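Not measured: the values here are computed from a predicted model.
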Amino acid sequence: MSSEPSARPPTEDGTAPAFPPGTALPPEVLAELPPDMAFAVWQVLRSVTLWSREPEQRRAAMFDPAYMKEWERRLLTAPLEPEARFPLAVIVGELARPNPGAGRLSWACVCVADWALGRGATRAALAFAEAAAHAAPEHPRYAWLVGRLMRSHGDPRGGERWLRRALKLAVAQRDWETQARALTGLGNLCVEIGRYPEARELHTRALRVSRRWRLREQEGMALHDLFVIATEEGNRTEAELHARGALDAYGQLSPRVCKLAHDVAYWWMDGGYYQRALHVFEALLRHFPRPDDRIQVMGNIGRAAGGCGDRDAFDSACRMADALSPLLVTRSTVATALLELAYGAVALSDWPLAAQIAQQAADAASERSEATVLTRAAELLSVVRHPNPAPGLVAPRTGSGA
C-alpha cells in the first residue's frame, strides 16, 4: 500500500467525511464494533475513507493492486459475519482497480453501514455511508441516506447539509422521489428545533412534488407531517383534514398507518382524552418492535396513565422505558419519551419524580440539539421545582373524557 495521501479541505457544502487522512481513526470506532469484526472493519473503513477524501485524479495511485487483491481474498475466506464480510471484500476489490465502479463501491459501503447500524456501531455506519456518498457524488439517494442517518443520530447540522445536497442533486437529476424525501427530512428537522413556518413550507413542497408525480407513500408522509404541525399549532380543522388525507394516501395496508394512529392518539391525549389515547397506545405497542420506537410509545403510555390516575400503569411504563434504554440504537426518541413520562408524573402530583424525569429529558434534548423538547422540559422544571406547584399550571390540557 502506498503512503497515506495528504489531506484536502472540506467540500464547499461542508460534506467532507468525518475522519481526516493522515491520522488514526478515533478509538471509539473500534470500541463500538463487535470484537471479532473490529479490526477487519476498521482497516477497510480507514482505506475507503482515505480514498473518498482524495481528488479523483489521485485515487488510482493510492493502493497497490496486488496487495489489495490478496487482502480481498483473505476477507472472503475469513471467519467473519457474512453480512459484513462480503461487502467488505467488494470494497477492497474495487479499491484495487484503477477506476473503481462507483455503483458497486457505494452499494457495498451502504451494506456495511446497514450491518453496523444493526449492531449499534453508529460512527462506523456514518463513515461508511459518507464514503458511499463521496464515491457517487452525483447520486442524490446516497446523500439523502447520509442526511437521514445524521439526523437520526444526533447531528442535525450535518443532517441538514447532506439533505440540502440531496435536494439539489435530486432537482437537477429529476429524481422526484428523493426530492420529496429530502424535503420531508428537512421539514422534520425544522419541527425538531421549533421552526414551524419553515417546516410547513417544506412539507407543502413535498406534498406538491408527491401529488404531481403520483408518489402515494410520499404524499401520505407529507400529509402526515402537516397533520403534526397543525396539532402543534392548535388547528383542529386542518389537523383532521390532513389525517384523513394521510390515511387515504397510505392505504390501510401500509405499515405507516400504525405511526399515524399513534400520532392521532397523541393528539387526543394532548387534548385530555387520556383513556381513549391509552387504549390506542397499548394496542399499538406490539406494532413497534424497534426499541427506539417502543420507548416513545412507552412514554406516551406513561403520560396517558398518569392522566387517568392509574399509578400502577404509570410505574410499569417507567420500568419498561428504563429497561429499553440500554437497547436503543439512535436515541432519537429518548428526550420526547422522558418528557411525556414527566408529564405523567405531574398528573399524579409526584413533583420530585416529575422534576427528576424532566431534568433527564432536558439533558437528552440538549445532547441532540432538540430545541422544542428542551424548551418544554425547562418550562416544566421551572414549575415543578416551585415549593408549592399548582397542578393546573403544569398538567397537560384536559378534555371532557373518552
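Here His262 and Trp268 keep their ring centres 6.0 angstrom or further from each other. A ring-centre distance under 6.0 Å is found for Phe227 and Trp267.
For the atom pair CZ of Arg212 and CD of Gln179, the computed distance is 9.5 Å after rounding to the nearest 0.5 Å. Atoms CD and CG, from Glu367 and Leu374 in turn, are 11.0 Å apart once rounded to the nearest 0.5 Å. In this structure, CG on Asp270 lies 11.5 Å from CG on Asp263, to the nearest 0.5 angstrom. Expressed to the nearest 0.5 Å, how far CH2 of Trp176 lies from CG of Leu215 amounts to 10.5 Å. Taking SG of Cys318 as the reference point, atom CG of Leu341 lies at 4.5 Å (rounded to 0.5 Å). Atom CD1 of residue Ile295 and atom CG of residue Asn300 lie 11.0 Å apart, to the nearest 0.5 angstrom.
The closest side-chain heavy-atom distance from Gln43 to Trp71 is below 4.5 Å. Between Trp162 and Leu149 there is no side-chain heavy-atom pair separated by less than 4.5 Å. No side-chain heavy atom of Ile193 sits less than 4.5 Å from a side-chain heavy atom of Glu370. With contacts defined as side-chain heavy-atom distances shorter than 4.5 Å, the pair Glu233/Arg200 qualifies. For the pair Ile91 and Phe128, the minimum side-chain heavy-atom distance is below 4.5 Å. With a 4.5 Å cut-off on side-chain heavy atoms, Asp350 and Arg311 count as touching. Between Asp36 and Leu80 there is no side-chain heavy-atom pair separated by less than 4.5 Å. With contacts defined as side-chain heavy-atom distances shorter than 4.5 Å, the pair Tyr196/Cys190 does not qualify.
Glu94 places a side-chain N or O within 3.5 Å of a backbone atom of Gly101 that can act as its donor or acceptor partner. Side-chain atoms of Thr372 come within 3.5 Å of backbone atoms of Gly194 as a donor-acceptor pair (strictly under, hydrogens ignored). The backbone N or O of Ala143 sits nowhere less than 3.5 Å from a side-chain atom of Arg165 that would complete a donor-acceptor pair. In this structure a side-chain-to-backbone donor-acceptor pair under 3.5 Å is present from Thr77 to Arg73. A donor-acceptor distance shorter than 3.5 angstrom exists from the side chain of Arg85 to the backbone of Leu76, with no hydrogens or angles considered. The backbone N or O of Ala124 lies less than 3.5 Å from a partner atom in the side chain of Glu32, making a donor-acceptor pair. Remark: side-chain polar atoms of Ser316 are not paired, donor with acceptor, to backbone N or O of Asp312 under 3.5 angstrom. A donor-acceptor pair under 3.5 Å is formed between the side chain of Arg216 and the backbone N or O of Asp248. Judged by distance alone, the side chain of Arg59 and the main-chain N or O of Trp51 form a donor-acceptor pair under 3.5 Å. Side chain of Ser254 to main chain of Gly251: no donor-acceptor pair is present (N/O by atom type, distance under 3.5 Å, no hydrogens or angles).
Note on Arg119 versus Glu81: salt bridge recorded, some NZ/NE/NH1/NH2 to OD/OE distance being below 4.0 Å. A salt bridge is absent between Asp175 and Arg181; no separation between the charged side-chain nitrogens and carboxylate oxygens falls under 4.0 Å. Using a 4.0 Å cut-off between charged side-chain N and carboxylate O, Arg376 and Glu340 make no salt bridge. Looking at Glu201 and Arg205, no side-chain N of the basic residue comes within less than 4.0 Å of a carboxylate O on the acidic one, giving no salt bridge.
In terms of heavy atoms, Pro82 sits closest to Pro87 at O-CD, 3.9 Å. Of all heavy-atom pairs between Val209 and Ala180, the closest is CG1-CB, 4.3 Å. In plain terms, the two heavy atoms of Ala305 and Phe314 that are nearest each other are CB-N, 3.7 Å. What you find for Pro140 and Leu169 is that their closest heavy atoms are CB-CB, 3.7 Å. Considering all non-hydrogen atoms of both residues, Val346 and Ala354 come closest at CG2-CB, 3.7 Å. For the pair Met269 and Phe281, the tightest heavy-atom approach, listed with the atom from each and the gap, is SD-CE1, 3.8 Å.
In the displayed structure, Gln57 atom CD is contacted under 6.0 Å by more than 12 heavy atoms of other residues, nucleotides or ligands. Summarising the local packing, CZ of Arg195 is surrounded by more than 12 heavy atoms from other residues, nucleotides or ligands at distances under 6.0 Å. Within 6.0 Å of the CZ atom in Arg244, the count of heavy atoms belonging to other residues, nucleotides or ligands does not exceed 12. Atom CZ of Arg236 is surrounded by 12 or fewer heavy atoms from other residues, nucleotides or ligands within 6.0 Å.
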Worksheet item: What do the steps show when you test Lys69 against Glu72 for salt bridge (charged side-chain N to carboxylate O under 4.0 Å, His left out), and what is the final call?
Response: CA-CA 5 Å; Lys69 279 298 183 183; Glu72 179 188 16; 3.4 Å; yes
Practice prompt. Show the numbers, then the answer: is there a salt bridge (charged side-chain N to carboxylate O under 4.0 Å, His left out) between Glu192 and Arg368?
Written response: CA-CA 10 Å; Glu192 290 173 4; Arg368 292 180 49 86; 5.3 Å; no
Worksheet item: Are Asp315 and Arg319 close enough, and set up right, to give a salt bridge (charged side-chain N to carboxylate O under 4.0 Å, His left out), and what steps lead you there?
Response: CA-CA 6 Å; Asp315 289 340; Arg319 288 193 297 271; 5.2 Å; no
Practice prompt. Tell me, with the steps shown, if Arg157 and Asp155 meet side chain to side chain contact (heavy atoms under 4.5 Å, CB included).
Written response: CA-CA 6 Å; Arg157 291 184 179 179; Asp155 184 0; 4.2 Å; yes
Item to complete: Start with the C-alpha gap between Ser47 and Leu95, add the side-chain angles, then the distance that decides, and say whether side chain to side chain contact (heavy atoms under 4.5 Å, CB included) holds.
Response: CA-CA 8 Å; Ser47 297; Leu95 292 179; 4.1 Å; yes
Practice prompt. Would you please test Val329 and His153 for side chain to side chain contact (heavy atoms under 4.5 Å, CB included) and show each step?
Written response: CA-CA 8 Å; Val329 176; His153 291 276; 4.2 Å; yes
Worksheet item: Can you check side chain to side chain contact (heavy atoms under 4.5 Å, CB included) on Ser325 and Arg331, steps first, answer last?
Response: CA-CA 8 Å; Ser325 185; Arg331 301 189 64 81; 3.9 Å; yes
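Side-chain N/O atoms of Glu219 and Tyr250 include no donor and acceptor closer than 3.5 Å. Under the 3.5 Å distance criterion, with hydrogens and angles disregarded, a donor-acceptor pair is assigned to the side chains of Thr330 and Asp292. Residues Asp293 and His287 have side chains that never bring a donor and an acceptor to within less than 3.5 angstrom of each other. Judged purely by distance below 3.5 Å, without hydrogens or angles, the side chains of Gln296 and Arg290 never pair a donor atom with an acceptor atom.
Geometrically, Arg303 engages Tyr343 in a cation-pi contact, judged by NZ or CZ lying under 6.0 Å from the ring centre and within 45° of the ring axis.
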